[in-house]
Amino acid sequence: QGHAGAAPYGEDVVCAYVSGIVQALGGYVLNAEQAVSPHVVLRSGLATISARGDLAQAFEMAYIGLLQAAESYPERVRVERERRKLMLPE
């Protein structure tokens, strides 16, 4: 969520770095055969991506890429991980 602010709009390599990872994950989730109920919202400065199905490796790959961005640009990128578990009624 947010903007990197490392350079003017359209010239920010940090924004491009993070946006490329997030957009690739969103595209994968929308097109993967194993994705069940995919939900992808990509807006300027905000992304929400979720789905059920065997997608753990895709999300892990994106997470690692974002961690690398945070390592390269710690003053501009912060990564927080949120895992939600499906709770079924008994």
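All heavy atoms count here, side chains included; hydrogens, waters and symmetry mates do not. One is the number of the first residue; the rest follow in order along the sequence.
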Please list, chain by chain and in numerical order, all residues satisfying side chain to side chain donor-acceptor pair (under 3.5 Å) with Glu60, sequence neighbours excluded. Arg81
Write down the atom of Leu25, the atom of Ala58, and the distance for their closest heavy-atom approach. CD1-O, 3.7 Å
So, for Val18 and Ala69, which heavy atoms are closest and what is the spacing to 0.1 Å? CG2-CB, 4.1 Å
Quick one: closest heavy-atom pair of Ala47 and Leu42, and the distance? CB-CD2, 3.7 Å
Examine Tyr17 and Val13 and state if one hydrophobic cluster contains both, with Ile, Leu, Val, Met, Phe, Trp and Tyr joined whenever side-chain heavy atoms are less than 4.5 Å apart. yes
Please enumerate all residues that pass salt bridge (Lys or Arg N to Asp or Glu O under 4.0 Å) together with Glu71, with sequence neighbours excluded. none
Identified side chain to side chain contact (heavy atoms under 4.5 Å, CB included) partner of Val22 from the options Val40, Leu46, Ile49: Ile49
Glu33: which residues meet the side chain to side chain donor-acceptor pair (under 3.5 Å) condition with it, sequence neighbours left out? none
Which pairs, with at least one residue in residues 21-32 and sequence neighbours excluded, count as a side chain to side chain donor-acceptor pair (under 3.5 Å)? Tyr28-Gln34
Test side chain to side chain contact (heavy atoms under 4.5 Å, CB included) applied to Ser50 - qualifying residues, sequence neighbours left out: His39
Report the residues that fulfil side chain to side chain donor-acceptor pair (under 3.5 Å) with Gln68, sequence neighbours left out, ordered by chain and then residue number. none
Between Ala35 and Ala51, the two heavy atoms sitting closest are CB-CB, 4.5 Å
Taken in chain and number order and not counting sequence neighbours, the residues that satisfy side chain to side chain contact (heavy atoms under 4.5 Å, CB included) with Val79 are Tyr63, Leu66, Leu67, Ala70, Val77
